[in-house]
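A short worksheet on the structure shown next.
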Amino acid sequence: MTKADLPALLERIGPEGRRFAEAQGFAAKPGQHVLLPDASGAVAAVLLGVETVDARRRDPFAPGRLASVLPAGDYALEGEIGDPALAALGWLLQTYRFDRYRKPVPVEARLLLPDGVDGTELANVAESVALARDLVNTPANDLGPAEIETTIRTLAAECGATATSIVGDDLLGRNFPMIHAVGRASPRSPRLIDLVWGDPTHPRVTLVGKGVAFDTGGLDLKPSAAMLLMKKDMGGAAAAIAAARMIMLAKLPVRLRLLVPAVENAVSGSSFRPGDVLASRKGLSVEIGNTDAEGRLILADALALADEEAPELLIDYATLTGAARTALGPELPPFYTHDEGLASEIARQGEAVNDPVWRMPLWPPYERMLDSRVADLNHVSGGSFAGSVTAALFLNRFVEKSASYAHFDIYAWNPSARPGRPEGGECQAARLTYALVKQFYPAG
């Protein structure tokens with residue numbers, strides 16, 4: 001409810017309920033809640049305050065916060081809740097717990113499915129988000145390139161897809177030199193994982209996710225504070241896996257391809273170095289400006305492969321730059337595309353499903369920042385400006401044939417808890433991708 005709704009509601013619940021709510025100091029402030037008891041002391045109703053100043057500031061997941069604070073029981077949503085499907089999804093996402101290494105704490109408050117909401121789809125989306133969160137939250141000692149491959153092969157078996165991989169030195173023989181170069185310093189072999197699903201005559205949709213299981217920074221070693229969260233550097237792969245799962249379980253009429261270059265950026269005598277010049281699958285020579293900008297290198301080879309079959313829609317996801325966080329913070333990933341129609345639809349679907357993103361420019365004049373004196377291009381700019389933009393421009397050099405292409409520079413982490421978004425690993429841009437593909441290629 002809003003503050004404006006409070007007087008009418010207090011009248012509706014009667015004098016005893018009104019006195020109880022007032023005694024608890026309930027004023028319908030955003031996020032404030034109170035449990036109203038019945039004569040036996042059991043919970044009869046729950047009042048929750050929501051944003052009143054601007055409806056656009058109202059979090060559609062706001063009712064979800066109750067899932068982790070209410071006592072055991074069955075609850076139904078009523079009143080000012082906005083989109084019931086999003087309110088219910090927020091509830092489910094709030095119940096997520098990463099309990100791999102500790103005793104599970106069950107969430108016993110259950111939500112009755114709102115009228116008109118597809119429970120199967122809701123569960124598929126929530127389970128896919130939970131899978132992505134589990135992947136991001138799992139530390140690198142238990143989630144390396146091989147375990148990422150196992151996850152994708154398990155997904156393929158679940159959904160009737162096929163999965164193959166190119167591992168270790170075979171990457172050189174199959175012309176993926178930058179994936180190999182980034183991952184060769186680790187004893188955990190680098191690989192390119194390739195999942196294919198759907199009717200080959202249907203429109204081609206390809207998702208590419210950065211799968212850096214852990215990023216030390218390579219020879220340009222990160223300081224300890226910057227390395228602490230680098231288990232999440234495969235958050236792009238997690239988002240791509242989640243989006244692919246949603247699309248396949250919904251049986252959307254597309255030919256889906258999921259590509260995940262999976263590596264560990266480690267330090268050893270075989271590490272690639274600043275100043276090295278690498279070949280790429282695209283045929284462009286790439287000078288290495290900083291070994292801590294490894295994600296765009298493995299993505300470039302994977303994008304070049306994806307582009308060779310000219311998909312109608314090509315999307316990549318990557319925890320790519322700190323510059324994106326400086327510009328937009330952890331909650332609002334930037335995206336890049338030259339396609340005006342695609343940009344509008346991405347923004348619309350992101351707002352519609354509460355998976356927000358913000359468009360930033362592929363500004364052609366900044367391509368000069370990637371100039372190299374010894375190679376076709378450098379993979380980083382020479383200064384501290386426009387880091388997310390120049391990373392996107394670099395990736396864009398490896399895409400030519402795809403009808404529409406978008407790049408998401410995600411954070412994949414919640415620094416603090418919000419409704420439906422517990423602290424820790426997060427799945428960003430996957431739900432909007434599912435909504436986007438469903439809009440472009442509806443089932444049935």
Side-chain angles (χ1 to χ4, degrees), residues 51 54-62 64 82-90 92-94 121-122 124-126 128-130 132-133 136 205-210 235-236 238-247 250 252 254 312-321 324-325 327-362 388-389 392 395 404-414 418-421 425-442:
E51 181 63 55
D54 181 352
R56 292 194 60 173
R57 289 173 53 187
R58 191 176 300 162
D59 186 351
F61 287 170
D83 184 332
L86 286 180
L89 179 61
L92 286 180
L93 297 182
Q94 182 75 19
E121 181 180 43
L122 192 70
N124 288 341
V125 170
S128 299
V129 170
R133 288 173 172 176
V136 176
V205 173
T206 301
L207 310 179
V208 181
K210 172 188 169 185
I241 290 168
R245 185 178 187 273
M246 295 177 205
I247 290 168
L252 298 184
V254 298
E312 289 196 10
L313 179 62
L314 172 60
I315 298 176
D316 80 66
Y317 315 79
T319 50
L320 209 60
T321 70
R325 313 290 79 80
L328 297 176
E331 299 175 15
L332 189 63
F335 74 95
Y336 298 83
T337 182
H338 284 307
D339 187 326
E340 297 296 327
L342 178 62
S344 296
E345 195 62 24
I346 286 174
R348 189 177 77 82
Q349 295 296 342
E351 182 173 357
V353 301
N354 199 27
D355 195 3
V357 292
W358 196 265
R359 188 184 187 188
M360 289 181 65
L362 280 165
S388 182
V389 177
L395 295 176
S404 293
Y405 165 58
H407 158 63
F408 290 92
D409 190 341
I410 66 175
Y411 190 54
W413 193 262
N414 294 319
R418 293 174 291 136
R421 295 180 170 94
E426 188 53 283
C427 178
Q428 293 178 312
R431 291 188 297 105
L432 81 80
T433 299
Y434 169 55
L436 183 78
V437 175
K438 187 167 64 168
Q439 174 69 23
F440 287 163
Y441 313 106

Taking the side chain from [X] and the backbone from [Y], do they hold a donor-acceptor pair closer than 3.5 Å?
X: R325; Y: I410; value: yes
X: N124; Y: A250; value: no
X: R431; Y: N354; value: yes

Return the minimal non-hydrogen interatomic distance between [X] and [Y], and the atom names on each side.
X: A412; Y: T319; value: CB-CG2, 3.8 Å
X: A429; Y: Y317; value: O-CE2, 3.9 Å
X: A88; Y: L122; value: CB-CD2, 3.8 Å
X: E345; Y: L436; value: CG-CD1, 3.4 Å
X: A242; Y: A430; value: CB-CB, 4.1 Å

I'd like to check the side-chain hydrogen bond (donor to acceptor under 3.5 Å, both in side chains) partners of R245; sequence neighbours left out, ordered by chain and number.
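So R245 forms a side-chain hydrogen bond (donor to acceptor under 3.5 Å, both in side chains) with E127, S128, E158.
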Do the non-hydrogen side-chain atoms of [X] and [Y] ever get within less than 4.5 Å of each other?
X: T337; Y: R359; answer: yes
X: P60; Y: D83; answer: no
X: Q428; Y: Y411; answer: yes
X: L342; Y: F440; answer: yes
X: D409; Y: M360; answer: no
X: F408; Y: I346; answer: yes
X: V353; Y: V125; answer: no
X: Y336; Y: S388; answer: yes

Nearest 0.5 Å, please: how far is [atom2] in [Y] from [atom1] in [X]?
X: I241; Y: L207; atom1: CD1; atom2: CG; result: 10.5 Å
X: L86; Y: F61; atom1: CG; atom2: CZ; result: 6.0 Å
X: L362; Y: H338; atom1: CG; atom2: NE2; result: 4.5 Å
X: W413; Y: E426; atom1: CH2; atom2: CD; result: 10.5 Å
X: Q439; Y: L252; atom1: CD; atom2: CG; result: 11.5 Å
X: S404; Y: E340; atom1: OG; atom2: CD; result: 11.0 Å

E121: which residues meet the salt bridge (Lys or Arg N to Asp or Glu O under 4.0 Å) condition with it, sequence neighbours left out?
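With neighbours one apart ignored, the set is K438.
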side-chain contact (heavy atoms from CB on, under 4.5 Å) between L93 and R133, intermediate numbers included
CA-CA 10 Å; L93 297 182; R133 288 173 172 176; 4.0 Å; yes
Passing candidate, side chain to side chain contact (heavy atoms under 4.5 Å, CB included) with H407, options V208, I315, D316
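Option passing the side chain to side chain contact (heavy atoms under 4.5 Å, CB included) with H407: D316.
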Side-chain ion pair, E331 and R421, N-O less than 4.0 Å:
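No, E331 and R421 are not salt-bridged.
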